[in-house]
Amino acid sequence: YRDNPRRLTKMFKFGSETKYNAFLVDLLEHQTEVQHHGRITLQYPMVKIEVWTHSLDDVTEVDVEWATAVNEIFVGYHGQK
């Protein structure tokens with residue numbers, strides 16, 4: 001967790017640009033499907049994700065589920081968390 005606002009944050013690192021780009025496409029599709037969006041900062045080979053419920057400035061179950069799904073997408077490309 002990070003504060004101001006309280007949020008979930010994680011950095012994802014990629015060894016290839018192909019996996020990096022494919023992860024981003026899957027991530028954007030996931031956001032569209034669930035209609036919940038995180039803050040995404042891109043600087044190859046890293047992707048920084050931050051997610052929280054803006055109306056509450058806090059982390060909710062929706063954010064935890066969103067972050068868990070993003071971790072699962074990442075594992076699909078790397079086989080580890």
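Since this is a predicted model, take the numbers as computed values, not measurements. By convention here, the first residue in the shown sequence is residue 1. Computation of the quantities below employed the complete heavy-atom set of this structure, encompassing side-chain atoms and omitting hydrogens, waters and symmetry-equivalent molecules.
- Partners of E50 according to the salt bridge (Lys or Arg N to Asp or Glu O under 4.0 Å) rule, which considers only residues two or more places apart in sequence or in another chain, are R7, R39.
- The 12-atom threshold is exceeded at CD of Q35, counting heavy atoms of other residues, nucleotides or ligands nearer than 6.0 Å.
- Tracing side-chain contacts under 4.5 Å through hydrophobic residues (I, L, V, M, F, W, Y), one reaches V34 starting from L24; they form part of the same cluster.
- Note: F23 and F14 have tilted aromatic rings, judged against thresholds of 30 and 60 degrees for the angle between ring planes.
- From Y44, atom OH reaches atom CG of N21 across 8.5 Å, with rounding to the nearest 0.5 Å.
- Residues forming a ring pair (Phe, Tyr, Trp, His ring centres under 6.0 Å) with H37 (at least two apart in sequence, or on another chain): none.
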Working for side-chain contact (heavy atoms from CB on, under 4.5 Å), residues V70 and K10: CA-CA 10 Å; V70 171; K10 186 166 183 176; over 6 Å; no
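- For D58, the side chain to side chain donor-acceptor pair (under 3.5 Å) partners at least two apart in sequence or on another chain are R6.
- Partners of D26 under the side chain to side chain donor-acceptor pair (under 3.5 Å) rule, at least two apart in sequence or in another chain, are Y77.
- For W66 (side chain) and H36 (main-chain N/O), a donor-acceptor pair under 3.5 Å exists by modelled atom type.
- The side-chain contact (heavy atoms from CB on, under 4.5 Å) check on I40 picks up L27, L28, Q31, L42, V47, I49, with sequence neighbours excluded.
- When the side chain to side chain donor-acceptor pair (under 3.5 Å) test is applied to T68, no partner is found at least two apart in sequence or on another chain.
- Note: the hydrophobic cluster containing V64 also contains V51 (ILVMFWY, side chain heavy atoms under 4.5 Å, direct or indirect links).
- Below 30°, between 30° and 60°, or above 60°: for F12 and F74 the angle between ring planes is between 30° and 60°, a tilted geometry.
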